[in-house]
Amino acid sequence: MSSHLEAIPLDVLTQVAFFTIDGSPIATLDALLQLMLSSRTLHRLLSIRTCPQLYARIFRAQFDLKGHYRRSQQHAKTTSCLASELQERRRVLRRIRLGQIVAHHLLDDLWMVYLMLLESDALNETHLHAAGVGGWVLRVIQEHQARAGGEIDEQVLSLAISVACLVLSHNHISSLPTEDRNQVLNILRPFTTSSPKYLSTNVSGAVGRRILLSPHGSHDRVPSQLNFPHKNSYEVDKHPKHTSYFSRFTISAPNLLSGSVFLTFAFKEVTPLQVPPHLPPTRAAAIAAERHGPTMEDFVAITQRRTPLVADSFHQCHSRESVLDHAREQRRPSRSDVHDEDFYRIARHLDVPAETWEHQAYIPGLLTGVWEGSYMVAPSSTCPSPTGSPGAEVDQDFLCRQPIQFRLEENLSFTPWLPLPIEPQDAFDGHVLRNLCASEEESMKGIQFSDGNTAKTYHYEPFRLSGASESGRDPRHALDVVITGETPRRFEAAWGTYSFIGRIRLSDGLISLTRKPKSAGDDGCGTWVFEGYLRSRRTFVGKWGTLGAPGHEGIGGIFSMSKTAD
């Protein structure tokens, strides 16, 4: 006897089928499957091929779409596209839940997870965390290294590391066995200690990895060097043919160095900095003993600061119950908003000229404020290897970890004023500002920068937290952004006084900062250059090195900074 459901109109049947599913965002489709298996007719009527609108509706209820629509500049996706994407995501989540790492699916799975995280407004992350994505991606990193045998797929590793940066929490990292943490750090070390000293070095010659998403979810890959991508790296075929969920984009692999630096600090911070026992306990005791430099309480304050992790903010949002906290969250950018710049560094619209993306990888005002963090010193190439054999292929660990702080301000250049020229010099490019002087105008509405070589002046306006410049121009229309800064006064006695000046490369958001001591007696290390990117608007990570004579190795390493509340 046939079911009465077989005789009702399809739109009503679709409603009935939809309401068989639990209202939870991570509800399974078991009830729907049982309904479909009750008869051949219902199975045919409710199949994904016959009724894609049902599965598209399920997708809209269970996954985030706001960020995707904002970036793709589309108001809706076709029901067949969303239904197909639901099917693919269910398969990936099932493999994650079962702990499966399937070689021929791994690259597609990592791309799926990474892009879900970048467009997540909580629903996507809820699915991934419920499936156990943190433990799965750590296994991917560990097993990929074990199986690589010297042949490392940089794309797989860069995606796995980027996913780990977004899904691991401090509690998860702290709960890992010591040997597992050390294994991950050993995997990351070659990418953080053996990369170019300056990120701007050889950037103009980089070849970005291109990922064209095909209708079946596979990826056409072209070889690339391990370098930061630049706007010329995103050349695509004139007539690409693909119709997938991300069909309007060409997407490059995320930067391996940036993710490796971020994850290295997250794992290193499990072990806090050791407070030297010979230091005076307080600043008052140091003054009484006529001692300069940090005190024990200065070190304790530094050890309490940790790299902010996206997964921690996700768990905190879900644990808050008060109305005040909810109201505060409503005023903040959405979770997908804070990933916009990360997304625009790897993605380009196929139908939009590259010039219109100049300001998408950086938002003016993100750097303004006080930043605190630490830097690590990489081993010198002249240091003997741990085995004592000069030819041993063993990557040495970082020599030490030290705190660093600075307060930064952004200055914007608008037409008709010309911005500072970009003139490549030895060992670094024009984005690293070295011989530059700044003087405030009498009106206090602008800053004049003068180049010591040309004696020309360039007019810039200080960025205001209100979002508008002094002239009322939109900061998004700025031609150039120059950064000025110094050590906050409360840190001067402990860590020395320094001045900072730099600029932001608007094509991809690369930040270059030059640090100089204000007095000759400050920690005579000379001029340092810090170069890196903002990650999720929370953390400034990258590489640093001393700026010395050509051919002189100097010292260098990696750094991680986060903005304080003030």
Side-chain angles (χ1 to χ4, degrees), residues 114 134 137-142 144-145 148 152 154 156-199 226-228 253-274 302-303 305-312 342 371-380 383 386 394-404 511 530-536 538-545 555-562:
Y114 182 57
V137 76
L138 282 176
R139 282 188 55 212
V140 170
I141 295 174
Q142 294 167 325
H144 177 73
Q145 181 73 5
I152 297 176
E154 293 176 4
V156 169
L157 200 55
S158 68
L159 282 167
I161 290 172
S162 296
V163 168
C165 293
L166 295 172
V167 301
L168 295 181
S169 65
H170 282 299
N171 286 339
H172 190 165
I173 296 173
S174 301
S175 64
L176 292 174
T178 303
E179 54 270 21
D180 286 354
R181 291 201 302 268
N182 290 337
Q183 182 184 5
V184 173
L185 288 171
N186 290 336
I187 294 171
L188 300 175
R189 192 169 298 125
F191 307 107
T192 55
T193 59
S194 304
S195 301
K197 181 178 178 181
Y198 302 114
L199 301 188
L226 179 58
N227 275 320
F228 278 78
N255 184 264
L256 180 55
L257 172 59
S258 180
S260 298
V261 172
F262 182 91
L263 204 58
T264 295
F265 275 94
F267 273 71
K268 285 280 190 180
E269 288 167 353
V270 173
T271 305
L273 289 170
Q274 297 299 309
I302 291 297
T303 58
R305 180 165 297 280
R306 307 173 85 180
T307 299
L309 300 181
V310 174
D312 282 333
D342 298 320
W371 294 76
E372 296 182 44
S374 59
Y375 65 90
M376 288 191 279
V377 180
S380 171
C383 292
V394 177
D395 293 295
Q396 300 179 61
D397 200 358
F398 291 93
L399 302 180
C400 62
R401 179 155 52 105
Q402 295 288 332
I404 185 174
I511 302 164
F530 296 81
E531 290 188 326
Y533 289 105
L534 287 181
R535 295 183 60 89
S536 306
R538 294 174 170 88
T539 314
F540 176 29
V541 300
K543 299 209 71 177
W544 67 274
I555 60 173
I558 58 177
F559 68 91
S560 174
M561 309 285 294
S562 58

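The structure displayed is predicted, hence computed values, not measured ones. Excluded from the calculations below are hydrogen atoms, water molecules and symmetry mates; all remaining heavy atoms, backbone and side chain alike, are included.
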Visitor: Do Trp544 and Val377 have side chains that get closer than 4.5 Å, going by heavy atoms?
Guide: yes
Visitor: Mark yes or no: Arg181 above the aromatic ring of Phe267, with NZ or CZ under 6.0 Å from the six-membered ring centre and no more than 45 degrees from the axis.
Guide: no
Visitor: Let's go through Asp342 and Arg535 carefully: what are the C-alpha distance in whole Å and the side-chain angles of both, what is the deciding distance for salt bridge (charged side-chain N to carboxylate O under 4.0 Å, His left out) to 0.1 Å, and is it a yes or a no?
Guide: CA-CA 7 Å; Asp342 298 320; Arg535 295 183 60 89; 5.8 Å; no
Visitor: Between Tyr533, Phe559, Tyr375, which is the residue that forms a ring-ring contact (aromatic ring centres under 6.0 Å, His included) with Phe540?
Guide: Phe559
Visitor: Could you report the tightest heavy-atom contact between Ala378 and Leu399, atom names first, then the distance?
Guide: O-CD1, 3.9 Å
Visitor: Just one of Leu166, Ile173, Asn171 clears the side-chain contact (heavy atoms from CB on, under 4.5 Å) bar with Leu309, so which one?
Guide: Ile173
Visitor: What distance do Leu157 atom CG and Ser162 atom OG have between them, rounded to the nearest 0.5 Å?
Guide: 9.5 Å
Visitor: So, Ser258 side chain and Asn255 main chain: donor-acceptor pair closer than 3.5 Å or not?
Guide: no
Visitor: Is the closest side-chain heavy-atom distance between Ile161 and Phe262 below 4.5 Å?
Guide: no
Visitor: Would you say Ser374 and Ile404 make side-chain contact, with heavy atoms under 4.5 Å?
Guide: no
Visitor: Is there side-chain contact between Ile511 and Phe530, with at least one heavy-atom pair below 4.5 Å?
Guide: no
Visitor: Would Val310 and Cys165 count as a side-chain contact (heavy atoms from CB on, under 4.5 Å) if you check the C-alpha gap in whole Å, the side-chain angles of each, and the deciding distance to 0.1 Å?
Guide: CA-CA 8 Å; Val310 174; Cys165 293; over 6 Å; no
Visitor: With rounding to the nearest 0.5 Å, note down the distance linking OG1 in Thr264 to CG in Asp397.
Guide: 9.0 Å
Visitor: Output the distance between atom CZ (Phe398) and atom CG (Leu185), rounded to the nearest 0.5 Å.
Guide: 9.5 Å
Visitor: Quick check: do Leu168 and Leu263 have side-chain heavy atoms less than 4.5 Å from each other?
Guide: yes
Visitor: Side chains of Thr193 and Gln396: do they bring a donor and an acceptor to under 3.5 Å?
Guide: no
